[in-house]
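These notes are about the structure you will find just below.
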Amino acid sequence: MSKYNHQAIEKKWQAIWDEKQTFRTSDDRSKPKFFALVEFPYPSGEGLHVGHPRPYTALDVVSRKRRMEGYNVLFPMGWDAFGLPAENYAIKTKIHPSVVTEQNVKRFKQQLQSLGFSFDWSREVDTTDPNYFKWTQWIFLKLFEKNLAYKSEMPINWCPACKIGLANEEVVDGGCERCGAHVETRVKNQWMLKITEYAERLINDLDDVDYIERVKIQQRNWIGRSEGADVTFSIKDTDEKLIVFTTRPDTLFGATYMVISPEHPVLKTLSDRITNLPEIKEYQAEAQKKSEFERAELSQGKTGVKIEGLKAINPVNNEEITIWVSDYVLMSYGTGAIMAVPGHDERDWEFAKTFNLPIIEVVAGGDVDQEAYTQTETGKMVNSGFLNDMDVEQAKKEITKWLEENNLGTPKVNYKLRDWVFSRQRYWGEPIPLVNCEKCGWVPVPVDELPVLLPQVENYEPTDTGESPLANIREWVETTCPTCGGPAERETDTMPQWAGSSWYFMRYTDAHNDEALASKENLDYWLPVDWYNGGMEHTTLHLLYSRFWYKFLYDIGVVSGPEPYQKRTSHGMILGENNEKMSKSRGNVVNPDEVVEEYGADTLRMYEMFIGDFEKSVPWSTDGVRGCKRFLDRVWRLKDMLKPGDEYSSDLEAKMHQTIKKVSSDYEHLKFNTAIAALMTLTNDVYHLGSMNHAEFKTFLILLNPVAPHITEEMWENLNFGGMLNEQNWPRWDEEKTIEQTISIGVQINGRVRGEISVNLDDSQEVAKEKALANENVAKSLEGKTIVKEIYVPGRIYNIVVK
RNA sequence: GCCGGGGUGGCGGAAUGGUAGACGCUACGGACUUAAAAUCCGUUGGGCUAAGCGCCCGUGAGGGUUCAAGUCCCUCUCCCGGCACCA
């Protein structure tokens, strides 16, 4: 009996699959298609981590199953290779990022291949490949052409350590996401993408896709839609107006003052009327020093300054009210000005208490002297003129109607989502393909001149002024205007890492096309992606950005549907054995290479799937890995228990059908752990039985194959079952045959189990009762009692209620 | 604060309202062996126990619905994730 030699077997089959191009996606469009997508990695210098294979194995399992079910499967892989680590390394070593990237990609690829994933490597993409980013630039130019890209002076988050502008999303707890340094506010001229223009569709279209609920919720949350009204307040004795956004127009009679953001333009336009200007300017300066995070952080205790010399008029009652400046009002949301209703808004209430401002109750039901009353379900309008006695919902409708009729306001929807800061002052990214001409302004580089390549440089250090390192390469920057031929300068900002990953899945459909980002036929055949699995950490950024780009490409006719991903699922993290996040600094990193070496790729794959609930975080366990290896050893030894047979034996028939059903369904529902448990149970049954026939073992191998492809192929071949295992059909089950005729059920007395009886499924209640009463222990428990009620659920339970 | 998800043995985790703890790990016992490893067989929630079956308790806490609740309802609590001065 030969021993299970995982190293030899795995090497052998990887070579065979590679040589036969087993998993190369065919052009056979007569078959139904299945596009399985996993997030492509950033090829870091650390190499693969045991967290990587978890989602990859999951969709590899599904892909392998789908192929055996007759689908034409596209399951590709690539590299999200622009990014800071390679650039930081370049700064230190002066080695070009592309050199490091190439090495890392090579290592990653070899590691992935050693795990036996059924990727179609002929479609590999690399975001740093000029043939790829040519099309990233092309998409940007389309966005620019449609006025969805614009340059704007924006207060941005600035990391003084990385010398880079950060998107809001990259700031974590007031620090830089990468280095943790304290983030400051700086004003920079940035390229922005108008994702906000798609906010409504990004929310609404979630109804038409199959994403796990928490992903949808997080996206809705992030976009932050709120309905209300814009209301116009005039400023006394001027022509200026202050427009505010409010979700509670019903409380307008309770607006006792207004607050504007320190950046609000009216402070400039009406500066000559403001009598305490120095005080205001000082407050503005203070506010500017704080990052947005700090402004939020210091929410305990409100600060502000009253604007002397200006009064606003409440449009509903013509009362004069004061206007304040406070940094709790953000210029970046709504209009940068609010009406303050301290009786019914917690922040306004706190501010009013701090500065001793009047509080008026306009919704009865609480005690506005004690706290703001924000309930909207109950409560009647009071002190509100024509709104009195209405409930909140009705009052909202009435006042909005009134505002519209009197030209004082309009219904309005606002979003928390902000436009996407698309510029990075960095070297290692896609150059933004625009040229700035004194005469013509921003001019796109003509499409036939794409891609705009990165110049070779000596020094990758960003400049202290915050310009990209590219700004120092004068011969690259200085160019001619494509429109007028005059002197012009290239944009030196590059794109963020999110750019390349916003459309990579499209490129897989036609990875080598140099006429278009992909042919229309291929896009139409393969898209949308049928199943996309990725990390929860990408829910609000990557997922939203790529949906935005896809919708845009849909609008300009590049793709034929509005949503890129039909289905989205998410996996949990794999933690170190000490239950902490795996990291070099904690010294708890498990290297997959070592696991593959010692236990084999099949064991690693199986363990990754068996480790626990796929959607939850879970600690690594070396003992658990051994358990999976032990199982594969047991599988290997099954061949010594085989006997001939073309049909399932009576001993195992029901078990076989049950297992096929269970495994087939569990693989589809991210329940890999219980699918494997079912295969283990079957194996245990066979060991107890002492034998298994060929028909049974064939089915077993096919069911196990998606998880452990090497050992199953090897055994299939050794046993001369014919052809390659991956070419077989996925087994079917017969629902009727999953049902066992004789089954053991519990007998309960008053809901407590008192015995167990073996019944036939079609036994009548009388027969079952006879069996139950015949049970010694049941009979004992019934002694001296009166039977009140009996419940018999065939195949489940026999419950006798006694007194 | 708001919105999600969750709390089940020593551990990872299973359980369409119907015998809680499948499967794996750990630990222990037995077989095999000169011995060990490996393997195979068994035990492994807690307590009581006359050792014979059995009985009691047990799914974060407390109530409730039901013949029957880990599962449904109410109240509370703790943990994880997201959002958060968003008007």
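So you know, we letter chains A, B, ... as the sequences are listed, proteins then strands, and number each from 1.
The side-chain contact (heavy atoms from CB on, under 4.5 Å) test applied to Ile203(A) returns Ile223(A), Arg225(A), not counting sequence neighbours. For Phe355(A), the ring pair (Phe, Tyr, Trp, His ring centres under 6.0 Å) partners at least two apart in sequence or on another chain are Trp324(A), Phe351(A). Judged as a side-chain contact (heavy atoms from CB on, under 4.5 Å), and not counting sequence neighbours, the contacts of Ser764(A) are Glu766(A), Val767(A). When the side-chain contact (heavy atoms from CB on, under 4.5 Å) test is applied to Lys616(A), the partners found at least two apart in sequence or on another chain are Asp613(A). Partners of Ile797(A) under the side-chain contact (heavy atoms from CB on, under 4.5 Å) rule, at least two apart in sequence or in another chain, are Gln748(A), Val793(A). The side-chain hydrogen bond (donor to acceptor under 3.5 Å, both in side chains) search around Lys769(A) returns Glu790(A), not counting sequence neighbours. With sequence neighbours left out, the salt bridge (charged side-chain N to carboxylate O under 4.0 Å, His left out) criterion links Arg586(A) to Glu580(A). Gln7(A) meets the side-chain hydrogen bond (donor to acceptor under 3.5 Å, both in side chains) test with Glu597(A); sequence neighbours excluded. The side-chain hydrogen bond (donor to acceptor under 3.5 Å, both in side chains) test applied to Asn673(A) returns no partner, not counting sequence neighbours.
Of the two residues near RNA chain B, Phe614(A) and Glu776(A), the one whose nearest nucleotide lies more 5' is Phe614(A). Along RNA chain B, the nucleotide nearest Thr247(A) and the nucleotide nearest Lys662(A) are compared for position; the residue whose nucleotide lies closer to the 5' end is Lys662(A).
Using modelled atom types and a 3.5 Å distance limit, the side chains of Asn533(A) and His571(A) yield a donor-acceptor pair.
Minimum atom distance to the side chain of Ile791(A) is reached by C67(B), of the listed G24(B), C67(B), U19(B). You'll find that the side chain of Asn799(A) is closest to A68(B), out of U16(B), A87(B), A68(B).
Distances shorter than 4.0 Å separate none of the side-chain N or O atoms of Ser326(A) from OP1 or OP2 on C85(B). Considering only side-chain N and O atoms, Arg754(A) lies under 4.0 angstrom from the phosphate OP1 or OP2 of C56(B). For A37(B), neither phosphate oxygen OP1 nor OP2 lies less than 4.0 angstrom from any side-chain nitrogen or oxygen of Arg626(A).
The structure places CD1 of Ile243(A) at 7.0 Å from OG1 of Thr335(A), a figure rounded to the nearest 0.5 Å.
Here, G18(B) and C85(B) have their P atoms 45 Å apart, quoted to the whole Å. For G6(B) and A14(B), the P atoms lie 11 Å apart once the distance is rounded to whole Å.
Taking a pair as Watson-Crick or G-U wobble with both distances under 3.5 Å, the runs of three or more consecutive pairs in RNA chain B are B:1-7 with B:77-83, B:10-12 with B:23-25, B:27-31 with B:39-43, B:45-48 with B:54-57, B:60-64 with B:72-76.
For Arg630(A) against U39(B), no side-chain N or O and base N or O form a donor-acceptor pair under 3.5 Å. Residue-to-nucleotide contacts include a donor-acceptor pair under 3.5 Å from the side chain of Lys302(A) to the base of C85(B).
The distance from atom CD1 of Ile797(A) to atom C1' of A15(B) is 14 Å, rounded to the nearest whole Å.
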Under 3.5 Å, which protein N or O atoms sit close to an N or O of nucleotides 41-47 of chain B? Give each pair with its distance.
{"residue": "G42(B)", "atom": "OP2", "partner": "His688(A)", "partner atom": "NE2", "Å": "3.3"}

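Asn221(A) places no side-chain N or O within 3.5 Å of a backbone atom of Gln218(A) that could act as its donor or acceptor partner.
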For nucleotides 2-13 of chain B, read 5' to 3', which letter fits each nucleotide if B means a protein heavy atom sits under 4.0 Å from the base, S means only the sugar-phosphate is that close, and - means neither? -SS-------BS
